[in-house]
There are 2 protein chains.
Amino acid sequence: MPGQQTRTTIADVAKEAGVSVSTVSRALRGLDKVNPDTRARVEAAAEKLRFTFSKTASSLASGKAMRVAVLLPNEINSWFNANTFEGVYEVLSREGYDVVPYVMWEEDDLARFLRTLPGTQNFDAVIVVSFILDRAQRAFLDTLTIPMVGINVPSTEGFDATVRIDDEAAMHGVVRLLRSLGHEAIAYVEQPVQPSPFTCSDSVRMDGFLDAAAREGYDEEHILTIPSLSRLGSEDEEEAQESVGGEAAAISGIAAQLVGAICRPTGICVENDRCAVLLLKELRRLGWRIPEEVSLVGFDGDSVGDVVDLTTVRQNPLQLGRAAAGKTLALMRDEPLDEPHTVAPTSLLMRATTSRLSSGRTLAA
Amino acid sequence: MPGQQTRTTIADVAKEAGVSVSTVSRALRGLDKVNPDTRARVEAAAEKLRFTFSKTASSLASGKAMRVAVLLPNEINSWFNANTFEGVYEVLSREGYDVVPYVMWEEDDLARFLRTLPGTQNFDAVIVVSFILDRAQRAFLDTLTIPMVGINVPSTEGFDATVRIDDEAAMHGVVRLLRSLGHEAIAYVEQPVQPSPFTCSDSVRMDGFLDAAAREGYDEEHILTIPSLSRLGSEDEEEAQESVGGEAAAISGIAAQLVGAICRPTGICVENDRCAVLLLKELRRLGWRIPEEVSLVGFDGDSVGDVVDLTTVRQNPLQLGRAAAGKTLALMRDEPLDEPHTVAPTSLLMRATTSRLSSGRTLAA
DNA sequence: ATGAAAGCGCTAACAG
DNA sequence: CTGTTAGCGCTTTCAT
């Protein structure tokens, strides 16, 4: 049990190598203008003393935190968030940056986080994922001096760079597909149980669907929407449980709405694959023949869909994350960005949960 | 375009409030021994100046980094890693700690990381997930002064605390199940494509299986093992591709081995659910009737298994993460740990991919 | 190519 | 309860 072992500092190395601290700093950081011999001596001393820099001290002295914050809604562990984060991590960690996740549970968390941003150099950049910022917040971002990069944020305003997919266009593609398959009544299903009372940019998908449906000539009677429970203002706090029970119940509730609909939809689009596969299972259990009588389309390209060959809209959050990180890197280095705001592609993956509806064939009432 | 806006520091607030910096520090941190009036004045000044602390400066001065590192093998985005991380994050972020992930791709990364640990106070604690450390490394951990906490590490040696599931016991349960269902030839399948050349503690599962099989009276002819490709020393660098192609190919390779086995197994255990569902799909495609003729068991309790009602061994990495974080917190606060090393439960979840083998019934050769 | 010195923004004794 | 005084460990002009 040795006493409070005082950490070895750059000064110890300097003494050991017989040079000044500034020389040690230069040598160990690989800067030029250091005599090779000196450098070798310093490195040997550092090695011998098992010295490594204190990031904290370096940060304070240099003004660069070597740290970027990633703001995520609800959880780090959803398919989209986790993949996005991984992409960001991949690029930034390689360049020596720490990538620190911050999960926002309620609107207030975001506001609070943003408030801590100005004035102090805690981060070299902030990457914001999927949040819908109000006008005031976006204006506020403009006052900040560090790079702010958005991923799937509805507006580019306030951001130095953004990367996103085009949800509207993707939904339009889905609606066109359903129409071309002969579906005259369609439905959009949102993820029933939101993990927290946050409105994030997934919610633009439903609008995109409705917009596309209108353009494709569907009238109100032939469009069914099943919004998430939280949208309905159900304030049951029980719902945000970990237990899958709530989710299973919610899924069967959705299935019931679908089955009991006045104008029963035969073309269904679900907000994400995770939800879609559960609904698929439930609907089949209730006797719906998919894809013979009903077509189901997911969204994401999550591997859960592979097992059941779910037709879906694929996106690549890993790439989204990488792209955002690349832009962040450039911005931190004051390099010019040829295209600050980019749109990443999505693609319709046709698999086994969609098929042409035989004309004249209708579901029994 | 205002000039380099110099950040507002604690000194600015002090001046504004007409007090000393230390008073500001105390007031804003909520320490006692501060006159309520003074505190109010300071808070007003801080608010007015939009002041927030520089974490970096605080860390340097106080010696507490308020940051803990989480070391993860291969990727942050596997089911186990992501859930574990989320659990850790949940607990630690609530207490004001930054939780910083570090992904290790090769053995060297770990060694390098560990080397940077001594001497400098970059982290207040380190949480290590699933790594197998050699004797020298474990001994090294003992020399460190900050808390080291392990999750699913094979040996408690070198760690101040650990949380783990009992893989051996769980595998024993699986083997007993298969035996009781009447399976006389059994197989263990490892995840074919490892994301990186890392050996992490998942590999103890196969040993557990073999051990259990021996104890339950299976002889070598009736045990088939299909180790991961990387174990076989296949050095194809192509394999670590992102494309699912490699994985799909690997799965069908496994299926082929199973189908072509001299003593065809009817009870199969797969390292994890993700892999299991893919294999399930492929085996069914090849005409195997599961569970009527063959039983399949996964591992994890990943929600991918829900869709196909996969029988599996459930574990709860979220809880593992929370538990580890709790211990970490206690250690950082020098609180005593009543039980430094704990084992979390797993449970066998019987679903639709296992069933009793009708006696006398055999697969056609 | 190297050293001396002045901070970076804050905390933590120690006085008062 | 509040102010004074030293640093925390490193980077960075500015000399030399």
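We use all heavy atoms of the structure for the numbers below, so side chains are in, but hydrogens, waters and symmetry mates are not. Proteins come first, then strands; the chains are lettered A, B, ... in the order of their sequence lines, and each starts at number 1.
The shortest distance between the side-chain N/O atoms of A:Ser22 and the OP1/OP2 oxygens of C:dT2 is not below 4.0 Å. Using a 4.0 Å cut-off, no side-chain N or O of A:Ser20 falls inside it from OP1 or OP2 of C:dA4. Contact annotation: B:Arg7 does not reach the phosphate of C:dC10 (side-chain N/O to OP1 or OP2, under 4.0 Å). Between D:dC1 and B:Arg26, no contact under 4.0 Å exists linking OP1 or OP2 to a side-chain N or O.
With hydrogens and angles ignored, the 3.5 Å screen pairs no side-chain donor or acceptor of A:Asn122 with any backbone N or O of A:Ala65. Panel note: side chain B:Lys327, backbone B:Pro340; a donor-acceptor pair is recorded below 3.5 Å.
A heavy atom closer than 4.0 Å to some atom of DNA chain C occurs in A:Leu60, A:Ala61, these being the qualifying members of residues 39-68 of chain A.
We find the CG-CH2 distance between B:Asn74 and B:Trp105 to be 6.5 Å, quoted to the nearest 0.5 Å.
Residues B:Arg26 and B:Lys33 fail the side-chain proximity criterion, which asks for heavy atoms closer than 4.5 Å. A heavy-atom distance below 4.5 Å is found between the side chains of B:Ile146 and B:Gln121. Between A:Thr38 and A:Thr23, some side-chain heavy-atom pair lies under the 4.5 Å cut-off.
Within a 6.0 Å radius of CZ in A:Arg135, no more than 12 heavy atoms belonging to other residues, nucleotides or ligands are found. When the shell of 6.0 Å around CD of A:Glu95 is examined, it contains more than 12 heavy atoms from other residues, nucleotides or ligands.
Closest approach to the A:Thr38 side chain among C:dA12, C:dA1, C:dC10 is made by C:dA1 (side chain taken as heavy atoms from C-beta onward). The listed nucleotides are C:dC10, D:dT2, C:dA1; the one nearest the side chain of B:Asn35 is D:dT2.
For an aromatic pair to be called close, the ring centres must be under 6.0 Å apart, and B:Phe131 with B:Phe113 fails this.
Summarising the geometry, the separation between NZ on B:Lys15 and P on C:dG9 is reported as 13 Å, rounded to the nearest angstrom. Look at CD1 on B:Ile10: it is 17 Å from P on D:dT5, rounded to the nearest Å. Rounded to whole Å, atom P of D:dC1 lies 12 Å from atom CG of B:Leu31. In this structure, CG of B:Asp12 is placed 9 Å from P of C:dG9, rounded to the nearest angstrom. Straight-line distance from the NZ atom of B:Lys33 to the P atom of C:dT11: 17 Å, rounded to whole Å. Rounded to a whole Å, the CD atom of B:Gln121 is 9 Å from the P atom of D:dG9. As rounded to whole Å, 8 Å separates atom P of D:dC1 from atom CG of B:Asp32.
Axis angle across the helix from C:dA1-D:dT16 to C:dG16-D:dC1, with five pairs used at each end and values rounded to 10°: 30°.
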